[in-house]
Each structure stands twice: as C-alpha cells, then as structure tokens.
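Step one of this worksheet: look at the structure below.
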Amino acid sequence: MTWTTEKRYRRYEDWTKEECQNIKETIASSPWRATYHVEPETGLLNDPNGFSYFDGKWVVFYQNFPFGAAHGLKSWVQLESEDLVHFTPTGVKVLPDTDLDSHGAYSGSAMQFGDKLFLFYTGNVRDENWIRHPYQIGALLDKQGNLTKIDKVLIEQPEEATDHFRDPQIFTYHDQYYTIVGGQTKDKKGYIKLYKAVDNDYSNWEVVGDLNFENDNTAYMMECPNLVFIDEQPVLLYCPQGLAKDVYQYDNIYPNMYKIGQSFDTDSATMVNPGPLLNLDYGFECYATQAFNAPDGRALAVSWLGLPDVEYPSDRFNHQGTFSLVKELTLKDGKLYQYPVAAITDLRSHKEELADKCQTNNTYELELEIPANEQTELILFADQDGKGLQVLFDTENGLVSLDRSQAGEQYALDFGTKRTCPIDNQSINVNIFIDKSVFELFINKGEKVFSGRVFPNQDQTGILLKQGNPTGHYYELEYGRKTN
Ligand code: FRU
C-alpha cells in the first residue's frame with residue numbers, strides 16, 4: 001500500500017467497512033503480535049499520552065493511526081489499568097474532529113482537576129496551503145467517560161517558534177501547576193518552554209520562560225519533554241531530534257535522552273546544576289517516553305517501542321509499535337534506574353532452572369546472575385542453527401552488547417544491527433522480558449536498559465546458552481486476568 005498524503009489524511013468516516021475489516025483480518029494473521037505489551041488494536045501506535053491516575057485507576061492513551069502502519073491522521077485511544085500491567089481499552093478516544101485538531105490529536109498529558117481528568121494536547125491543523133498550525137488545547141473527561149473538548153486555544157504558538165511547537169506536559173511543583181512544551185525556534189534550535197497556570201486554572205497559562213537546562217543547542221527540535229521529580233530532584237526526559245553525535249554518540253535515528261538536576265527554580269525556569277546528558281535506553285527502540293509523578297509520589301514512565309521515520313516488518317500486517325512495560329523511575333547514588341513495576345511478577349507462571357531450550361512460546365522472562373570476569377553469550381529467538389538475537393555480557397571488559405542481525409527479518413539497517421553499553425567490571429544481574437517480537441533487558445534492576453523489537457522467523461523460538469556460566473530462572477509469562 002502506498003501511503004499518499006490523501007490517504008494518510010482521509011477523514012475517519014470515509015474509510016469503508018470493508019477496508020476496516022481487511023485491516024483486522026491482516027492483523028489477525030500476523031506472527032508478531034505481542035501478548036503482554038500494549039499494542040494498537042489496528043494500525044500504528046506511537047507516543048504514550050495522558051498517562052495519569054484518575055477515579056481510582058491508572059489511565060494511559062496511545063496515539064494511533066488506525067488504518068494501517070503509517071503516520072497519518074492521529075487520535076488518542078484510552079486504556080485503563082488497576083495494576084499498571086493489565087491494560088483494557090475503555091472505548092474513549094480523542095478524535096481529530098474539530099477546527100483546532102483537524103489534522104491530528106498530537107501528544108500531550110493529563111491531570112485530575114476536581115472530578116474530571118484534564119487532557120492537555122496539541123491540535124495539529126493544516127490550512128488550505130498545507131501550512132501547519134499547532135494549537136495547545138484541552139479536553140475534559142468525566143468519570144462516565146464523556147469527553148468534552150475546550151473550545152479555545154490554551155497556549156498559542158510563541159513568536160520565536162516555528163510550527164514545530166507541541167507535546168504539552170502538565171505537572172505540579174509545590175502545589176502550583178506548570179506545563180512544558182517542546183519546540184523549535186526560528187533559527188532551527190530545539191528548546192523547551194515553561195508556563196505557569198494563573199491561579200492554578202488549567203485554562204489560563206502565562207509564560208515563565210525558556211527552560212534553562214544547559215541545552216547544548218545542537219538539536220533542531222525537542223519532542224515530548226517531561227519533567228518529573230524524584231526525591232525532590234528534577235529529571236528531564238526529552239527527545240532532542242538532530243542531537244550532534246559529538247555531544248552524545250547514539251545509534252538510533254532519534255534519541256530519547258535525560259538529565260538529572262539538583263533542584264528546580266521556577267522563577268527563573270531553571271533546572272539547577274544539571275548533570276550530563278544521558279541515554280535513557282541503549283536498545284534499538286525507545287522514544288517519546290512519558291513520565292509523571294503519581295499521587296503516591298512515584299515517578300512512572302512508559303515508552304513507545306518504535307521510532308519515527310522507520311519502516312517495520314510488521315507493517316505488511318497493518319500494525320506497528322508497542323508500548324514498553326510501565327517502569328518506575330528511581331535515583332540511587334545519583335543514577336537513574338528504570339524497572340518494571342512490582343506487579344509484573346504476577347505474570348510469572350511456570351518456573352524452570354535456566355537451561356537451553358529448543359522451543360519456547362517467546363513469551364517469558366529470564367532472571368539471571370552473570371559472574372564477574374567472564375564472557376557470557378546467550379542467543380534468544382534461537383533457531384536450530386543457533387541463529388537469533390545475540391546477547392553478550394562481557395564482565396571482563398565491562399560491556400554489554402546486543403546483535404539482532406541474525407534475528408529474523410531485518411529493518412532499519414541504516415542504523416546498524418548492534419547496540420552496546422558500558423557496565424562496571426563486576427557480576428551483574430539481568431532481567432529479560434521477551435514477548436513475541438519485543439524484548440526489554442534490564443541490567444542491575446534498571447541501571448541500564450536495552451529495549452527493542454525483533455521479527456523472528458517461525459522457527460526462532462529457542463534459548464541457547466552459548467558461552468559462560470550464568471545461573472538463574474526461566475519464567476513463562478501469562479497475561480491472564482487477575483481474579484482477585
Ligand atoms: C513524537 C511526535 C510528537 C507529536 C506526535 C505526532 O513521536 O512526533 O512530537 O506530537 O509524535 O504523532
């Protein structure tokens with residue numbers, strides 16, 4: 001299917017029943033649908049949006065183009081959860097159906113006000129000359145699932161910004177509501193702008209200033225900025241598109257980075273003493289991570305395991321993109337850790353000692369101890385010839401590397417098939433989550449993370465311990481509903 005602009009932006013109501021039915025049938029025949037990761041019902045999933053807590057439940061929306069694996073006319077699709085592991089669609093959507101969001105309900109966030117959930121997002125509008133107008137707009141969701149859009153622009157495109165100005169994140173700091181928005185200045189530099197809610201009114205925003213976080217000024221656009229607080233320290237997560245490789249060496253088409261500050265000075269819009277710019281994830285896919293401080297104070301995050309401008313083998317089955325597991329963010333000795341929420345262990349069913357396995361259903365977790373001073377090599381998604389996803393733990397030289405060149409159908413080859421990250425020369429523990437075509441690997445309970453996709457061939461279902469002496473367990477994972 002060729003995705004012309006006409007097709008990408010065709011109105012939702014103009015897709016015929018047959019076309020929608022065909023899309024569903026193709027998806028049903030896909031060998032790569034995940035089981036315990038959030039995926040789009042149909043089409044493309046990209047950013048997590050509106051991650052929040054409302055009416056006693058966790059809420060997240062996925063951004064979606066429902067008619068195929070393409071970036072077209074976007075909407076939000078709501079999911080809710082009681083444990084941050086099992087997610088159920090509610091039927092609520094934010095559709096691109098007004099003059100302020102006619103060409104896409106783009107990314108944003110959510111916060112409870114009174115008995116409503118306020119959604120703050122970017123309305124993407126193209127005029128008759130296809131010129132883009134980004135509007136920061138809102139909607140209110142009540143407890144019965146009725147969504148009412150607020151019929152005015154809440155934040156206008158600032159004078160110094162181009163039409164790339166989007167992805168508002170609302171947060172509280174010392175009982176005051178703020179929002180940051182990602183953008184591009186007219187001299188093509190990525191930046192982040194901080195706003196304050198006048199009298200804490202979500203529909204009345206005033207500029208505080210450009211966020212000062214010692215921006216290296218090499219990116220041309222900052223997408224999806226998020227500020228969370230962990231033990232009072234600000235952590236800024238963002239996607240600096242075009243970041244110079246001499247500032248930070250990264251492999252993916254676009255990186256998802258972060259900085260940890262010492263404190264936050266709201267008057268001067270400053271993240272005080274920001275630490276170095278660091279990579280959130282060393283794998284092949286991780287973008288648009290959305291994080292927020294839950295009412296209990298925890299910083300929770302979920303990422304899009306996909307990247308803009310990349311084609312995936314699953315595209316021909318009309319689906320693209322998954323979410324990561326929900327990760328809790330913590331700081332230990334000044335370092336950021338990201339690890340799935342505790343309830344993830346509820347998925348564990350059958351347990352075995354770690355050993356080679358010819359056949360799994362590619363839906364499992366490995367919990368491993370890797371000794372010091374050793375080369376440990378595992379092949380996941382292994383076929384009979386031992387070809388699959390190669391995972392190498394080198395605790396002698398302090399390096400972990402992943403190579404997916406033998407793991408099924410190849411894609412995004414321009415960005416390489418191997419990813420590495422440095423570790424300390426010590427024994428490590430590792431948790432690896434495998435889900436059909438998704439992997440998430442956590443070193444030392446989230447000190448370093450590798451996430452990504454592989455699209456295995458039919459016979460790539462094994463686990464091979466090729467080198468070294470790792471010990472640990474294999475757990476089959478089952479997404480069955482909890483009954484309590
Ligand atoms: C990031 C992003 C956001 C935007 C959305 C549009 O992946 O480009 O900046 O709001 O996706 O789909």
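Numbers here are sequence positions counted from 1. Read the numbers this way: they start at 1 and go in the same order the structure lists the ligands and their atoms.
Atoms of ligand 1 lying under 4.0 Å from at least one heavy atom of D167, given by number and element, are 3 (C), 4 (C), 9 (O), 10 (O). Those atoms of ligand 1 that come under 4.0 Å of a heavy atom in Q63, given as number and element, are 5 (C), 6 (C), 12 (O). Within ligand 1, counting atoms from 1 as listed, the ones closer than 4.0 Å to a heavy atom of W304 are 7 (O). Those atoms of ligand 1 with a heavy atom of S107 less than 4.0 angstrom away are 5 (C), 10 (O).
Ring geometry, Y312 versus F455: the interplanar angle exceeds 60°, so the pair is classed perpendicular (tilted spans 30 to 60°). Between F120 and F118, the ring planes are tilted. Angles from 30° to 60° get that label.
Looking at F113, F171, Y202, Y195 one by one, the single match for ring pair (Phe, Tyr, Trp, His ring centres under 6.0 Å) with Y177 turns out to be F113.
Of all non-hydrogen atoms in P422 and K448, the two that sit nearest each other are O-NZ, 2.7 Å.
For the pair D47 and ligand 1, a heavy-atom separation below 4.0 Å is found.
Residue contacts with ligand 1: Y287 is placed with no nitrogen or oxygen under 3.5 Å of a nitrogen or oxygen of the ligand (distance criterion only). Residue Y106 has no nitrogen or oxygen atom sitting less than 3.5 Å from a nitrogen or oxygen atom of ligand 1, judged on distance alone.
Atom CD of E41 sits in a sparse spot, with 12 or fewer heavy atoms from other residues, nucleotides or ligands closer than 6.0 Å.
Side-chain atoms of D281 come within 3.5 Å of backbone N or O of S451 as a donor-acceptor pair.
Scanning all protein heavy atoms for the shortest distance to atom 8 (O) of ligand 1 gives E223 OE2, 2.8 Å.
Interatomic distance, D435 CG to T322 OG1, rounded to the nearest 0.5 Å: 8.0 Å.
Only the side chain of N46 comes within 4.0 Å of ligand 1, judged by heavy-atom distances.
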